[in-house]
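Worth saying up front: this structure is predicted, and the values here are computed from it rather than measured.
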Amino acid sequence: MGAQTSSQKYAGKLAVLYPGQGDSLPFQQLAERLDVPLYQSLNSDSSEEFFLTWRDGCLKLLDCRACSRQARGIHTIHGDKELLKKGGLAVDIEPRNGEQRSWPAPKDGALAQALGRKTRTVVDATTGWGQDSLHIFRMGYELLCIERSPVMTELLADGFARLAGQDWMQRLNLEPPRLLQGNAIDLLSNLEAQPDCIYLDPMFPPKRKKSALAKKSMMVLRDLLGDDQDKEQLFEAALNAAGKRVVVKSPDYAEPLGGKPSQSFQGKLLRYDVYLKA
């Protein structure tokens, strides 16, 4: 299957929303980079269901499906002003519940066990919303992030820029993780240096059970981008490119992606499978 351009991938799905205040240039440049429409208002008919805009000091992805209805095959945005004034999803640069705020944070828990205490360099080849990436970074690993979705790359770049401006980052003279946009299957074979570990968190089909519903951010990511259909090829590329190990994060109900792992560490409703290289 050939690669899709941003305009093909997001056609009719995504637009950039300029609120009418402040400098419009960043909004114009964002729309041009993603090759999607730029709107200053949503009073007219619009087929898009997702919008990118800056608010509250960060770039946010708005899911407007809840405020749209379909009439004669055309989505019309109605009663949307209140929804568009609040909410939205952004890359959260704050530690999650239970994670240390110090740097470097202690290397404990299932993820740290899977990454390995002797591991120094990590590539996160499926960065997504960046929550695992940021946890890995805060534990002191040298980290490179790869994300193939141009939309997620924009959101991550904004989050990493906000991270760079944090007092503790500047006080410790730290740089945020490096970020590459593109298909990891291709990029992993051309890395400047071989990483100790490659971390994979591909999107698996959800378990058909209400109790297993993913949180909002993952549901939106799945709806906007779809499932990862090339998980097996990505695993093979990671195994070829890694220096010491590949770690695969999976839901606890999923079969191991690369066959029987060398080690496995259990987390809450998930599992970290470790594949050690001889």
Side-chain angles (χ1 to χ4, degrees), residues 91 93 95-96 99-100 103-150 152-153 155-157 159-161 163-164 169 172-204 228 230-250 256-265 267 270-278:
V91 170
I93 61 172
R96 292 172 291 194
E99 292 179 0
Q100 294 279 351
W103 190 93
K107 293 179 180 177
D108 53 22
L111 175 57
Q113 286 180 295
L115 294 176
R117 292 195 174 275
K118 292 185 178 180
T119 293
R120 190 174 55 84
T121 55
V122 178
V123 171
D124 185 344
T126 52
T127 304
W129 287 101
Q131 296 307 287
D132 286 344
S133 295
L134 290 168
H135 184 34
I136 292 168
F137 172 74
R138 279 190 290 266
M139 286 191 289
Y141 294 98
E142 185 181 321
L143 179 65
L144 167 65
C145 295
I146 298 176
E147 174 53 48
R148 69 170 156 188
S149 161
M152 287 311 308
T153 302
L155 290 159
L156 287 164
F160 289 178
L163 177 67
M169 287 282 291
L172 295 169
N173 197 29
L174 296 174
E175 296 287 335
R178 289 175 55 215
L179 176 62
L180 293 180
Q181 195 273 312
N183 190 329
I185 295 173
D186 301 322
L187 294 175
L188 288 175
S189 62
N190 292 294
L191 296 175
E192 296 173 3
Q194 188 177 52
D196 296 329
C197 173
I198 295 179
Y199 179 72
L200 305 178
D201 180 14
M203 284 192 286
F204 288 83
D228 289 324
D230 52 3
K231 293 188 285 287
E232 291 79 11
Q233 296 97 305
L234 176 58
F235 176 80
E236 289 301 323
L239 201 59
N240 287 332
K244 297 178 181 177
R245 65 178 63 202
V246 173
V247 175
V248 182
K249 178 182 177 182
S250 304
L257 182 58
K260 185 178 179 181
S262 307
Q263 300 171 306
S264 195
F265 299 92
L270 55 87
R271 192 181 68 244
Y272 299 99
D273 292 329
V274 181
Y275 296 87
L276 298 173
K277 295 188 70 171

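Residues passing the side chain to side chain donor-acceptor pair (under 3.5 Å) test with Ser264 are Asp273, sequence neighbours excluded. The side-chain contact (heavy atoms from CB on, under 4.5 Å) check on Leu270 picks up Lys249, Tyr272, with sequence neighbours excluded.
Leu257 contributes atom CG, which lies 7.0 Å from atom CG of Leu200 (distance to the nearest 0.5 angstrom). Within the model, atoms OG1 of Thr121 and CD of Glu142 stand 6.0 Å from one another, a figure rounded to the nearest 0.5 Å. Between atom OG1 of residue Thr126 and atom NZ of residue Lys231 there is a gap of 11.0 Å, rounded to the nearest 0.5 Å. Remark: Asn240 CG to Lys277 NZ distance equals 6.5 Å, nearest 0.5 Å. Put simply, CG on Leu115 and CZ on Arg245 are 7.5 Å apart, with the number rounded to the nearest 0.5 Å. The distance from atom OG1 of Thr127 to atom CG of Leu155, rounded to the nearest 0.5 Å, is 12.5 Å.
Across every non-hydrogen atom of Pro176 and Leu163, the tightest pair is CB-CD2, 4.0 Å. Listed here is the closest heavy atom pair of Pro195 and Ala241: CD-O, 3.7 Å. Across all non-hydrogen atoms, the minimal contact from Ala184 to Ala125 is CB-O, 3.6 Å.
The aromatic rings of Tyr275 and Phe235 sit perpendicular, their planes meeting at an angle over 60°, well past the 30° parallel limit.
At least one side-chain heavy atom of Val247 sits less than 4.5 Å from a side-chain heavy atom of Cys197. Between Tyr199 and Leu111, the closest side-chain pair of non-hydrogen atoms falls below 4.5 Å. Here the side chains of Leu188 and Leu234 are in contact, with some heavy-atom distance below 4.5 Å. Put simply, the side chain of Trp103 does not reach to within 4.5 Å of the side chain of Met169, judged on heavy atoms.
With Ser262 contributing its side chain and Leu276 its backbone, the two residues share a donor-acceptor pair below 3.5 Å. Not a single donor-acceptor pair under 3.5 Å links the side chain of Glu147 to the backbone N or O of Gln181. Looking only at distances, a side-chain donor or acceptor of Arg117 sits under 3.5 Å from a matching main-chain atom of Lys107.
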Given His135 and Gln131, is the side-chain contact (heavy atoms from CB on, under 4.5 Å) satisfied, shown in steps?
-> CA-CA 6 Å; His135 184 34; Gln131 296 307 287; over 6 Å; no
Walk me through it: do Ile93 and Arg138 pass the test side-chain contact (heavy atoms from CB on, under 4.5 Å)?
-> CA-CA 10 Å; Ile93 61 172; Arg138 279 190 290 266; 5.6 Å; no
